[in-house]
Novice: 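The structure is given below, and queries will be raised subsequently.
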Amino acid sequence: MSILSWVNSPKDIKKLNTDELNDLCAEIRELLISTVSKTGGHLASNLGVVELTVALHKVFNSPVDQIVFDVGHQCYTHKILTGRKNEFSTLRTEGGISGFTRPVESEHDIFSSGHSSTSISAAVGLARAKQIKGEKGKVIAVIGDGALTGGLAYEALNNSGNDNSNLIVILNDNNMSISRNVGSMARNLTTIRTSPRYVTFKSKIQRGLARIPKIGTQISRTFTYINSKIRKKIYHATFFEDLGFRYYGPIDGHDIDALIDVLKAAKAHNHSVLINVNTVKGKGYNPAEKNPTQFHGIGKFDINTGEPKSSGKNFSSTFGETICKFAEHDGRICCVTAAMAEGTGLCEFADKYPQRFFDVGIAEQHAVTFSSGLAKNGIIPVFAVYSTFLQRSYDQLIHDIAMQGLKVIFAVDRAGFVGEDGESHQGVFDTAFLNSVVGLTIYAPSFYNELGAMLYESIYKTDGASAIRYPRGNERYMPENYEYNHQSYSVFGDKSADNCIVTYGRLFSECCQAYENLDNTCLVKLNKIKPIDESVINELKLCKDIYFYEEGIRSGGIGETFASILLENNIKAEFHHIAVNDEFIKQASVDSQLKHYKMDCQSIIEEVGK
C-alpha cells in the first residue's frame, strides 16, 4: 500500500519517519507528472518544491501556522497534502481545483496568489495581525521561481522590521540565486546552527546570562553583537541581516532531514527568520530538469518523451516572427519582456538580436519606465507582456509613457479569455484600463496577418504609444476571401439592416459565423478600438438594434465608449452590450467561457435572431 494513499491531511505526515517521507515525495512526483501531462499546468516549479512542502507540513501546523506560496503556482504538493488529493485529477479543469492557491478551496490556502512577488507583503500583514490579536502560530512566506526579481518583495522586506517574531521567509532559490553562500564553512555552520541541540544550548546560555545581576543584560547584548558580526562575515548575508532577519542557508532543498532541522530551528526562534533553500526545477523528471523553461507552464504532454501534444503557429509565435523581420531592417527596434521571453514568442528575437533584447525579470513596472527611457533617446521599444501582467504597470503607463508623449509599443498577449489558468490570469481588464490612458492607440487584430499589419502601423504610422492586443492560441474562423482593409473599421452586409453586430478581436470569428446565418443583419468589425473612428456611426443610422460583443469587462470597456458615441450622435437604436459583468472568470476552456458568457456563434444567433 502506498504511503500517499493514506495521507489525507498534514496531520498524517507528522507520523512518518525520514525514509517514509522520502517515499512519499517520490509518489507525489509521480502524481504530479501524471496529472499535469493530462491537464497541463506548472510542472517544473512544483517538482522542485516537493521536499520543501512536505517538510513544511511536517514541522508546522497549518492552518494555525499560515503558509503563503509565491508564486501560487508552486502549490500543487500543498494541495495534495491538504485534503485535495482525490480531486487533483481535476486540476485546472472546469469545476475542478485551481492551479493556484485559492482560499475558497481550503482553509490551508491562506492567500489567493496568481501574480508574483506578493507573498512577503501578505505574510508581513498576516504576522502583524496575529501579533495584534495575540494569536498563536507562525506565518511562512515561500518565495521563489524568480519572484525576488519583483520590486514588491523588497518593499515588503524593508517593511518587515526587527520585531516580527512570528515571520519566516523561505527563499526557494532554483538557479535564480541572489546568495553568495556556497562555501563549505557556511554550509557546515548552518548544519550546526539548525541542530536542535545547538538551539536548546544557545537558548539556555542566553537565559543564564540574562539572570546575572547588574551585568547580565550587557553581557548578553555583547554576545549577540559579536555573534551577528561573525555570521555576516561567514555568510555574506549582510543584506538580510541588516533588514532584521536571522539568516540560515544555503540548505539543500531536496534533503528532508536538513529541511526539517532548519524549519524547527526557525519555528523555535523568537525573531524573524530568512531561510535560503536551493532546489532544482523539474527535479525527478528528466525532460523538465533539462528544459525547466518549457515545463514552467506547459499544456498536455507525452510522459515518455516530454513532447507537448499541441504546438505550432499561434498569435505569440506570429508576433515573434514578425518583430524579427521588422528588427532586421530597423536597428531602432528593441524588445522588452518581464521574464516571459518564451511565452511571448521572443526567443528567436533574443537569439538574433541579443543587444536589443531586454528581459528585466518579474518587474513589469520597471519594464514600462525602462521602455520610456529607451524611447526618450530615440529607440523604438516593444514591450511584450501578458494582459494580466500589464495590470501591474498602470501607473507607469500613464505617467512615464502617455504623459511624456513617448512612442512605446505594447504587444498585449493573452488578451481576453485564457482558459484554464483561472481568475488571476484572464485578460479581460486591459481594454478598460487602457481605454482610460490619454493619447494611447489600441489595435485589435483578429488574424495573424492583421497582427503583423497592425504592428507595422503602430511602429511607423501611429503617433505616441500604442497597444496591439491579441488572444492566446490560434486564429479562428476567417471568412472566405477576407482581407484586412487597413482602415479603423470594416463593414459587412447591408447597412440598412435592422440589426447590427459590432465587435473586435477574436470575437469577430464567432460574430462572423453568426452573421452568415442571420437575416436582416450587418456586421461591423472594429480594427482600431481606441480612438473609435466616429464615422462608423454613419453606418448605423438605419439600425434598430445594435449588439456590441466584447471579450472584456463591461465597466469602462470599449462597448461603453461606443454607446456614449451613439448617444452623443442621437442614434436611436436599441443598444445591447454583451460583455463580462462585474465578476472574476473561473477556469474552463476558452470555448466553454465563450459559451458561458454567450459570446459563441450559437449564442449570438439566438440573441440577435430572436
Side-chain angles (χ1 to χ4, degrees), residues 36 39-46 71-74 92 99-100 114-117 145-147 149-150 174 176 281-282 287-288 291-301 306-324 335-352 357-364 366-368 371 381-393 409-422 424-428 430 445 448 451 455 467-475 506 587 590:
V36 177
T39 66
H42 294 89
L43 183 61
S45 53
N46 281 286
V71 183
H73 64 232
Q74 296 184 93
R92 301 176 73 251
F100 299 92
H115 286 185
S116 169
S117 312
D145 213 17
T149 63
N174 48 24
M176 295 184 181
K281 286 192 76 169
N291 193 351
T293 301
Q294 179 184 355
F295 283 86
H296 168 76
I298 191 168
K300 299 175 184 179
F301 63 92
E307 290 298 316
K309 291 188 175 179
S310 62
S311 58
K313 194 176 183 67
N314 54 46
F315 277 98
S316 300
S317 65
T318 299
F319 162 74
E321 293 168 7
T322 305
I323 199 65
C324 281
C335 282
V336 180
T337 184
M340 297 300 294
E342 184 169 80
T344 57
L346 285 178
C347 289
E348 182 184 356
F349 189 97
D351 290 338
K352 285 187 173 182
F357 172 75
F358 306 97
D359 186 342
V360 302
I362 304 175
E364 292 85 1
H366 166 62
V368 173
S371 296
V382 180
F383 178 30
V385 58
Y386 288 7
S387 167
T388 182
F389 299 145
L390 182 60
Q391 295 164 188
R392 313 187 90 184
S393 51
I409 315 302
F410 294 87
V412 185
D413 202 332
R414 267 65 164 181
F417 300 139
V418 300
E420 294 82 0
D421 282 336
S424 59
H425 280 55
Q426 306 298 336
V428 295
D430 65 89
Y448 300 149
L451 171 56
L455 187 58
I468 306 100
R469 63 183 309 272
Y470 45 92
R472 181 182 193 177
N474 306 319
E475 63 182 5
R506 172 166 52 191
Q587 65 197 42
V590 170

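It should be emphasised that the depicted structure is a prediction, and the values quoted were computed from it without experimental measurement.
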Novice: Is Asp421 salt-bridged to Arg92, cutoff N-O under 4.0 Å?
Specialist: yes
Novice: If you take all heavy atoms of Ser117 and Ile362, which pair is closest and at what distance?
Specialist: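 For Ser117 and Ile362, the tightest heavy-atom pair comes out as OG-CG2, 4.3 Å.
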Novice: Quick check: do Leu455 and Ile409 have side-chain heavy atoms less than 4.5 Å from each other?
Specialist: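 A side-chain contact exists here, since the closest heavy-atom pair is under 4.5 Å.
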Novice: What is the minimum heavy-atom distance between Ala467 and Val412, and which atoms define it?
Specialist: CB-CG2, 4.2 Å
Novice: Partners of Arg414 by side-chain hydrogen bond (donor to acceptor under 3.5 Å, both in side chains), sequence neighbours excluded?
Specialist: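 Listed in chain order: Ser316, Tyr386.
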Novice: Please enumerate all residues that pass side-chain hydrogen bond (donor to acceptor under 3.5 Å, both in side chains) together with Asn291, with sequence neighbours excluded.
Specialist: Gln294
Novice: Roughly how far, to the nearest 0.5 Å, is the CZ atom of Phe315 from the CD atom of Glu475?
Specialist: 6.0 Å
Novice: Mind checking ring pair (Phe, Tyr, Trp, His ring centres under 6.0 Å) for Phe295 and listing every partner two or more places apart, or none if nothing turns up?
Specialist: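 Result, ring pair (Phe, Tyr, Trp, His ring centres under 6.0 Å) vs Phe295: Tyr285, Phe301.
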Novice: Apply side chain to side chain contact (heavy atoms under 4.5 Å, CB included) to the pair Val590 and Arg506, showing each step before the final yes or no.
Specialist: CA-CA 11 Å; Val590 170; Arg506 172 166 52 191; 3.7 Å; yes
Novice: Taking side-chain contact (heavy atoms from CB on, under 4.5 Å) as the definition, give me every residue that meets it alongside Ala384, ordered by chain and number, with sequence neighbours left out.
Specialist: Phe319, Thr344, Leu346, Ala411
Novice: How many angstroms lie between CZ in Phe383 and CZ in Phe410, if you round to the nearest 0.5 Å?
Specialist: 7.5 Å
Novice: Using the salt bridge (Lys or Arg N to Asp or Glu O under 4.0 Å) criterion, which residues pair with Asp430? Sequence neighbours excluded.
Specialist: Arg469
Novice: The criterion is side-chain contact (heavy atoms from CB on, under 4.5 Å); which residues satisfy it with Lys300, sequence neighbours excluded?
Specialist: Lys309
Novice: Looking only at heavy atoms, which two atoms of Ala288 and Gly282 are closest? And how far apart?
Specialist: CB-CA, 3.7 Å
Novice: Tell me, please, which residues at least two apart from Gln587 pass side-chain contact (heavy atoms from CB on, under 4.5 Å).
Specialist: Ser98
Novice: Just jot down the side-chain hydrogen bond (donor to acceptor under 3.5 Å, both in side chains) partners of Glu342, sequence neighbours excluded, or say none.
Specialist: none
Novice: Mind checking side-chain contact (heavy atoms from CB on, under 4.5 Å) for Thr318 and listing every partner two or more places apart, or none if nothing turns up?
Specialist: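 Lys313, Thr322, Tyr448, Leu451.
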Novice: Apply side chain to side chain contact (heavy atoms under 4.5 Å, CB included) to residues Phe358 and Thr337 and explain how you reach the verdict.
Specialist: CA-CA 6 Å; Phe358 306 97; Thr337 184; over 6 Å; no
Novice: Can you name the side-chain hydrogen bond (donor to acceptor under 3.5 Å, both in side chains) partners of Arg392, sequence neighbours left out?
Specialist: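 Partners of Arg392 by the side-chain hydrogen bond (donor to acceptor under 3.5 Å, both in side chains) criterion come out as none, since no residue qualifies.
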Novice: Locate the shortest heavy-atom distance separating Ala367 from Val336; write the atom from each residue and the value.
Specialist: CB-CG1, 4.0 Å
Novice: Check whether any side-chain N or O of Asp359 sits under 3.5 Å from a backbone N or O of Ala339 as a donor-acceptor pair, and report yes or no.
Specialist: yes
Novice: Distance check, rounded to the nearest 0.5 Å: Gln391 atom CD versus Ser424 atom OG?
Specialist: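 Separation between the atoms: 9.5 Å.
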Novice: Quick check: closest heavy atoms across Val36 and Gly41, and the distance to 0.1 Å?
Specialist: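 Result for this residue pair: CG1-N, 3.6 Å.
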Novice: For residues Lys281 and Pro292, report the shortest heavy-atom separation together with the two atoms involved.
Specialist: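 For Lys281 and Pro292, the tightest heavy-atom pair comes out as CB-CB, 3.8 Å.
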Novice: Taking the side chain as everything from C-beta on, heavy atoms only, tell me whether Pro445 gets closer than 4.5 Å to Ile468.
Specialist: yes
Novice: If we only count heavy atoms from C-beta on, is the Ile323 to Cys335 side-chain gap below 4.5 Å?
Specialist: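 Sidechains of Cys335 and Ile323: in contact.
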Novice: By ring pair (Phe, Tyr, Trp, His ring centres under 6.0 Å), which residues pair with His115, not counting sequence neighbours?
Specialist: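 Checked His115 against ring pair (Phe, Tyr, Trp, His ring centres under 6.0 Å); matches are Phe389, His425.
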Novice: For the side chain of Ser45 and the backbone of His296, is there at least one donor-acceptor N/O pair under 3.5 Å apart?
Specialist: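 Such a contact is absent between Ser45 side chain and His296 backbone.
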Novice: Taking only residues two or more places apart in sequence, or in another chain, which ones meet Glu348 in a salt bridge (Lys or Arg N to Asp or Glu O under 4.0 Å)?
Specialist: Lys352
Novice: At what distance, to the nearest 0.5 angstrom, does OG of Ser387 lie from OH of Tyr470?
Specialist: 11.0 Å
